[in-house]
Amino acid sequence: MMIEQLERLHAFVFAAALTLIFPAAAAATQVCTVTVNLDEAVTIGALEFAVDYSQADGVFLTNPANGFPDCVVRVPNVLGGLADNPGQQELSGSFLSVAGFTGPTALADCVFETNLDVLTPGHFAATASEATDPGGSPVDPLPALGVSLPDCGSGTTTTLPPTTTTLPGGTLTTTTTLPQGTSCSVIFSMVDPVLVGALQFAVDYTTAPGEFLGSGPGLDCVGLAPALSSFNDNDDARELNLAFISLSGFTGLIELAECFFEATDIPAPSDFLIDVAAATDPELNDIEPFPSVVVGDILCDTSTTSTLPTPTTSTTSTTVPDPTSCDIVFGLDDAVTLGSLQFAIDYSNAPGEFAGTGAAVDCIALVEGALASANDQENIKRLDAGLISLGGFAGPMNVMSCAFEPSNTPVPGDFLVAVIAAGTPEPLPVIPLPDVIVSSIECSASVTTTTVTLSTSTTMFGGTTTTTIPEVPDCDIVFVLEDDRELASLQWDTAYGRAAGDFDGSGTAVECTNLVAGALASYNDNEGIHVLGGAMIDLSGFSGPRDLARCSFTATGAVLRRNFTVTVIDAADTNANDVLPLPAVDISLAECEGPTTTTTVPVCGNGIPQSGEDCDDGNGSNTDACLNDCTDASCGDGFVRTGTEECDDGGGNSDVTPDACRSDCALPTCGDGVTDPAFDEDCDDGQGNSDVTPDACRSGCTLPVCGDSVTDPTFDEDCDDANTSNEDACLNGCTDASCGDGFVHDGVEDCDDANTSNEDVCLDDCTDASCGDGFVYDGVEECDDGNTADGDGCSAVCEFQRVCGDANDDGKVTTTDSLIVLKAAVNPGVECPLIACDVDNSGDLSTTDALKVLKKAVGADIQLVCPV
């Protein structure tokens with residue numbers, strides 16, 4: 001309760017300061033509260049962490065009173081400190097707790113000023129660098145941290161329909177009583193305006209009517225001062241001991257702690273006799289006289305009874321139409337960018353069923369270019385849905401619409417949505433998971449369909465042809481799997497350069513519909529080369545003969561099957577094994593009403609050239625000078641003329657397309673400036689091909705290789721001396737010799753064992769290991785502190801010595817050691833040898849020893865002196 005009051009006071013002072021510093025003029029920035037969270041259910045005794053805010057385009061504001069970031073520690077009974085490094089755009093924190101604290105929990109609220117219009121948790125990266133439990137054991141793996149923005153002024157608000165409740169008139173009667181024998185809060189306060197770094201006091205409660213809750217170090221007390229606090233209750237002696245440590249110090253008047261007391265009668269402040277045992281300032285100087293500590297307040301529970309008179313009868317009647325179908329639209333409610341999303345909908349309370357069942361449920365994705373799948377388990381009334389997008393999609397936005405067959409009008413509250421998993425396009429997991437909601441429900445009773453037809457007429461030489469095609473003007477091209485083997489994946493291309501028309505849409509927005517229920521499908525129309533690509537994945541498998549997909553096609557003339565060439569590129573079964581030979585996929589024009597043609601005057605092929613014919617040799621060959629349509633053969637007609645042309649791809653002839661027949665009907669050659677993989681070319685720079693120029697394609701249309709005496713930086717070559725020696729400046733892999741490459745550079749390195757270990761005979765700078773080099777030689781040295789001096793924990797011959805301040809004897813002084821010293825100072829049951837823990841050489845342990853160890857652990861220039 002007192003912490004909440006302090007936080008409200010802090011927020012009020014900060015808002016008032018902003019009003020003075022930034023008057024009512026419009027600003028281009030916004031001020032937010034950034035909350036750093038411990039996201040895992042783990043108990044922590046010591047924690048060090050950092051928050052990278054380089055993507056947030058802003059700064060953490062500074063508290064002018066102390067020069068530290070304007071932050072409020074949210075975890076009670078914790079010594080916490082935060083520091084800001086604006087140059088590296090990193091906020092760091094260090095928390096220490098005797099009793100420990102458990103997540104998930106908020107760690108600290110910090111005030112942040114940003115230039116962004118929309119600030120999201122994704123602009124911050126919070127990571128833990130060290131963590132131990134209250135016993136000093138490392139937490140492994142390190143716990144996950146996160147950032148939330150409780151009051152940033154940006155985000156998405158969802159408004160549900162209002163609910164109105166009418167109560168009958170009457171009088172509400174409330175009665176409050178204070179019972180005898182109840183739970184009270186005893187609040188201890190320091191009433192002198194002095195700066196304190198360490199404080200220890202005892203409370204004699206022998207005359208108090210009751211007992212403090214808990215016993216020993218498990219006493220039910222909450223620290224209210226910005227300091228590390230420790231408590232111990234000796235029930236037999238009826239004495240309570242309290243201790244506080246703060247690196248930066250705290251100043252009275254201030255509330256120190258709130259302890260819970262089970263009373264048999266209402267206690268008074270005089271029932272608690274307080275004796276201050278020790279006090280120092282943050283510089284470890286004794287405070288004389290000791291500051292005064294008093295019982296600042298005693299708060300006891302109350303009980304409340306409310307009486308409402310018996311209501312009169314109230315009746316509400318609502319009439320709604322009975323819809324025949326509804327579209328339930330699901331929306332991503334957070335401003336995050338996702339590459340994948342999975343969610344489940346419990347509709348056990350909804351009046352009706354989703355249309356379709358299992359993988360055939362009637363759902364469509366509303367995210368352009370995304371692969372989507374849904375599955376309806378009608379027996380348990382649960383709908384599962386998933387989306388995948390390579391390019392990603394950003395919320396807030398609608399992601400999926402599903403048809404619903406209601407028995408009554410549904411409302412959003414009938415559908416309980418739970419997000420199962422979410423990832424970014426990279427992909428990385430999104431934590432915390434975003435929200436998915438029912439963003440709208442649209443119900444209707446009828447659907448109208450309109451159909452139109454089109455007739456065209458074309459006149460040709462030698463006669464007249466009349467063609468009738470259906471008008472959509474889009475007709476549907478249906479792709480058909482003709483194979484009966486079971487498939488899990490299938491990929492195909494369709495060349496339609498000779499077809500009269502184009503597929504509707506372009507790229508991944510081409511208008512195609514997946515006809516395999518439950519499968520994930522993707523389509524891409526490359527209009528530049530008139531090729532439509534299709535791909536399909538179904539983990540449960542599918543087999544033919546069956547229709548795969550329907551694509552909308554705008555016809556400009558007769559739609560003929562022979563003008564579409566379908567090529568299957570890849571196929572695999574449900575065990576991810578390649579399916580060979582590849583299955584066959586063809587097209588069906590049933591939706592296009594194949595053209596009806598009437599032709600007159602058949603004249604070509606009688607061996608006599610007539611009017612309208614270039615030639616007529618009376619044969620059906622297309623490889624001689626006269627084609628079988630009585631036109632002269634020419635380069636580009638699509639037929640290879642024997643003895644004259646090397647190739648002829650018709651409209652596919654090109655001087656720029658790889659592996660294509662050239663415009664003069666000659667095959668591709670090295671040096672023509674086009675890389676032709678089918679002709680074993682790795683590259684082709686035309687006249688730029690060279691055997692001496694770095695990074696150039698070689699004269700044989702091959703890529704540069706290591707050992708050709710030319711250094712090619714683009715091909716990751718540092719050098720190329722065309723020899724196989726690994727003891728000179730250039731290794732035989734065309735990389736510069738360097739420490740760690742596994743080869744001893746003659747005259748430069750002492751050794752090179754090709755690893756980065758500094759615990760073996762060769763260090764990572766390729767010098768021989770030796771005592772005093774700062775690295776422990778495994779099996780030879782016990783320690784190595786980088787010098788050959790005695791008395792600092794590691795001797796001149798690299799053997800262990802006990803370090804002053806190292807309470808847990810792990811060879812270093814850390815915040816965990818301070819925690820152990822503090823526990824030993826206030827609880828005689830905790831072991832801590834004086835030779836390591838009595839760092840002021842006073843003969844006993846106190847909070848001053850713990851404060852010195854803590855300052856040493858965080859890098860303060862302080863001397864620790866233990867008994868010899």
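Owing to the predicted nature of the structure, the values given are computational and were not obtained by experimental measurement.
Listed by chain and number, the residues in a side-chain hydrogen bond (donor to acceptor under 3.5 Å, both in side chains) with D573 amount to none (sequence neighbours excluded). S54 is linked by a side-chain hydrogen bond (donor to acceptor under 3.5 Å, both in side chains) to D52, counting only residues two or more places apart in sequence or in another chain. With sequence neighbours excluded, no residue forms a side-chain hydrogen bond (donor to acceptor under 3.5 Å, both in side chains) with R498. Applying the side-chain contact (heavy atoms from CB on, under 4.5 Å) criterion to T43, with sequence neighbours excluded, gives T102, P134. Judged as a side-chain contact (heavy atoms from CB on, under 4.5 Å), and not counting sequence neighbours, the contacts of E442 are S440. Every residue was checked against the salt bridge (Lys or Arg N to Asp or Glu O under 4.0 Å) condition with R546, not counting sequence neighbours, and none meets it. For N514, there are no side-chain hydrogen bond (donor to acceptor under 3.5 Å, both in side chains) partners at least two apart in sequence or on another chain.
Within the structure, every pair that satisfies the disulfide bond (SG atoms under 2.5 Å apart) test and touches residues 476-585, not counting sequence neighbours, is listed here: C512-C551. Counting only residues at least two apart or on different chains, the ring-ring contact (aromatic ring centres under 6.0 Å, His included) pairs with a member in residues 376-411 are F354-F404, F404-F415. Pairs passing the disulfide bond (SG atoms under 2.5 Å apart) check and including a residue from residues 366-396, sequence neighbours excluded, do not occur. Applying the disulfide bond (SG atoms under 2.5 Å apart) rule to pairs touching residues 376-424 yields C363-C402, sequence neighbours excluded. Residue pairs that meet the ring-ring contact (aromatic ring centres under 6.0 Å, His included) test with at least one member in residues 531-550, sequence neighbours left out, do not exist here.
Using a 4.0 Å cut-off between a side-chain N of Lys or Arg and a carboxylate O of Asp or Glu, D109 and R74 qualify as a salt bridge.
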